[in-house]
Novice: 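One structure follows; several queries about it will come next.
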4 protein chains.
Amino acid sequence: MEPFMKEKIMKHSITLFESKGFSEASIRDIVNTLGVTKGTFYYYFSSKEELLTQIQLQYIDYMLEEQQRIIEQPDRTWKEKLSGIILMTIQAIEGRGSSARIFFRELLHISGDSLAAIKQKRDRFRLNVQSVIEQGIESGEFRDDLPPEMVAFSVLGACNWCYTWFKKGGSLSDTEVAAVYTEMFLNGINTIGNKC
Amino acid sequence: MEPFMKEKIMKHSITLFESKGFSEASIRDIVNTLGVTKGTFYYYFSSKEELLTQIQLQYIDYMLEEQQRIIEQPDRTWKEKLSGIILMTIQAIEGRGSSARIFFRELLHISGDSLAAIKQKRDRFRLNVQSVIEQGIESGEFRDDLPPEMVAFSVLGACNWCYTWFKKGGSLSDTEVAAVYTEMFLNGINTIGNKC
Amino acid sequence: MEPFMKEKIMKHSITLFESKGFSEASIRDIVNTLGVTKGTFYYYFSSKEELLTQIQLQYIDYMLEEQQRIIEQPDRTWKEKLSGIILMTIQAIEGRGSSARIFFRELLHISGDSLAAIKQKRDRFRLNVQSVIEQGIESGEFRDDLPPEMVAFSVLGACNWCYTWFKKGGSLSDTEVAAVYTEMFLNGINTIGNKC
Amino acid sequence: MEPFMKEKIMKHSITLFESKGFSEASIRDIVNTLGVTKGTFYYYFSSKEELLTQIQLQYIDYMLEEQQRIIEQPDRTWKEKLSGIILMTIQAIEGRGSSARIFFRELLHISGDSLAAIKQKRDRFRLNVQSVIEQGIESGEFRDDLPPEMVAFSVLGACNWCYTWFKKGGSLSDTEVAAVYTEMFLNGINTIGNKC
DNA sequence: GATGAATGAGACTTCATTCAT
DNA sequence: TATGAATGAAGTCTCATTCAT
């Protein structure tokens, strides 16, 4: 009957999981919101965990795709690519905040093969950043005295942390935040005189 | 008979909440581990939420105290104070990792006045960092073209994020990570030539 | 499978609530008797209080219907109508004793809107009696020197009190009790000589 | 320390049992109100049921004493004695309403010998009324065509029922209510013309 | 595609009570 | 006299899930 029931369920679940948390949001909550019955839910998803898995996969797959697009851009410096990833990450938090929050918070409730798959993709996203750093070092754009792994962790940490405070429609736009973050990571907060 | 039953309950709960998550760890889990009964639990805590509240308060109160100690140190530059806070934050994740993880993950399960109180303390911690940045700018140690609020968010984000990956006894010590993070935030990852 | 599960639950609950009291009868007691699970109970009733509410509503609705039927009878004197209500009340205690006892004893455990609704119906039942008295006074059948409100309370009190002692199958039938009560209320217990 | 602790516990329990019901009022409620601990409670009462028993005994013993005083009055007609008992019953509901309500509502929670003892006293109170009726019949004051048992039940029913609606400080005083009830039971509600 | 009825395990919590001190 | 710590049973209720239709 409803052609996009599955999408509707996912969409409403994302809202619910964000506001109440995965464990506290019940299947009943989900289906009540939609005016359908639990049977309908189980027609589309084999379990609550599977729903969460799909939400997480949808998010990380999107992130990986966007990241790939940026990295593959020809004629861009590594600096520009890093900057592009920072912007994209914060834009995702602005545009898909609910999914992002679920992604960062609710990994604990996934188990087995799904967990392994998601962890692998998360790692891939991070290692891609690390790879950009490494290639930037090789090309001479970035300092070679900072461990790339650490740099990647710190850049991603700062960006991802935005999910805890960034509010769409607040006083700062995603672009502005990304610009400040990029400048800070590239040149530091020291006054110029202090550096050379 | 047992003089420190309350402390024992808190300690074991922290372990359990970290590994299973707050919602999935049951009162039964907690008391079984300790060999006492549920009644004992409710003698010391009026609810599961209250236990979580106390865990969070214990953590943030510790963090605020440590932070205060650092900020109040005389004869230190703002740079040193910022660096001290970065180190302290990562050390807390190393030494009190379970509490830290609960602190960052399980805010959603606290409500009402407790929530307000904890949020206020979280904010205070962040605003203290921001204040260090601002005073460093005034003293000329830090650049004045980056918004202090943003800098504080980004530094704290990077440090806090360590809770997701930092493993005690891993290949990197807390001191090493803190040193790299500090260097990166102060001077950026650009090669020197790019800056001057 | 079972087509009348809800009715079965209500029926057995009435028996249990009567014998053990509402608070002492547990959901477990109810479902064990029926050989179903607690889940089944909560599929039909959202709470124990709601079950009690429905039991009370079923009783008072029945009473109001019967009362209405009596009051609406044409060609009956007010005396006959009052007598009819007395008989009906005692018959209800004989025929639906368990419900009646629950109705009189367990109002305390209902709250909120349900309580208001039930109280309103209880009042309506009493005010209907009062109205019969008032109309009997106007028609000259009843004395006009006794406050109708008080008469209604006293008649209903005497009848309702039967729930504390009347036993079906005892030495006195409901009809006999009703006849005595009616005679007493109409003519008093004074010897005739005393009156005129 | 506190010389009248036991009395204080009883007094507060009566208030609590009236408003929340016996089952719903917990020992904790009782001792919290008084600022003492559960241990104190169990120093004075061996169980919650024993407390209820004592409350009920206190009430029925008082009622029996008052009744005895009335019955033993010399130079009074049976009519006057019946009228005295009616007044006394309603006065007890006015002056000791909480105890009365507990007395009528919470018999179910007493068991064993205490239950037997209380039931016997309740019966004695009723049989004393019945005896007044019987002696009034013998003396020619009351009609001999109404079964005394039934008359006693009905008079007591009407009076006791006042516990469900009589409010101290309402529009009617206990004396007024008693006067109306007495008149009604003695002479009925029929108009005079209807009787002779 | 979707429903309604039922399950059964387990959740948090409260309670009357005990007992050493 | 009174307390504080602990018990253990039981309470109400929610939940993810199943399955015949």
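None of the values given here were measured: they were computed from a predicted structure.
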Novice: Heavy atoms from C-beta onward define the side chain here; which of E/dA5, E/dG4, E/dA16 lies closest to that of A/T37?
Specialist: E/dG4
Novice: What's the closest nucleotide to the D/Y42 side chain, out of E/dT17, E/dA2, E/dT14?
Specialist: E/dT17
Novice: Does A/K6 contact E/dG1 through a side-chain donor or acceptor facing the base, at a distance under 3.5 Å?
Specialist: no
Novice: So which nucleotide from F/dT1, F/dT12, E/dC15 ends up closest to the side chain of C/I27?
Specialist: F/dT12
Novice: What is the distance, rounded to the nearest whole Å, between atom NZ of C/K20 and atom C1' of F/dG11?
Specialist: 12 Å
Novice: The side chain of B/V36 lies closest to which of these nucleotides: F/dT7, F/dC13, E/dA11?
Specialist: F/dT7
Novice: Check this one for me: any side-chain N or O of A/Y43 less than 4.0 Å away from OP1 or OP2 of E/dT3?
Specialist: no
Novice: Fit a plane to each ring of C/F103 and C/Y59, take the angle between them on a 0 to 90° scale, and name the class: parallel (under 30°), tilted (30 to 60°) or perpendicular (over 60°).
Specialist: tilted
Novice: Heavy atoms from C-beta onward define the side chain here; which of F/dT17, F/dA5, F/dT12 lies closest to that of C/S26?
Specialist: F/dT12
Novice: Closer to the 5' end of DNA chain E via nearest nucleotide, is it A/F41 or B/E24?
Specialist: A/F41
Novice: Within 45 degrees of the ring normal and closer than 6.0 Å to the centroid, is that where the cationic atom of A/K38 sits relative to A/Y43?
Specialist: no
Novice: Regarding B/T40, tell me which of base, sugar-phosphate or nothing describes its non-hydrogen contacts under 4.0 Å with the strands shown.
Specialist: base
Novice: State whether B/Y44 places a side-chain N or O below 4.0 Å from either non-bridging phosphate oxygen (OP1 or OP2) of F/dG4.
Specialist: no
Novice: Could you check how far NZ of C/K48 sits from P of F/dT14, rounded to whole Å?
Specialist: 15 Å
Novice: Got a second to check how far A/E24's CD is from B/F22's CZ, nearest 0.5 Å?
Specialist: 7.5 Å
Novice: Cation over ring, B/R105 on B/F17, under 6.0 Å and within 45°?
Specialist: no
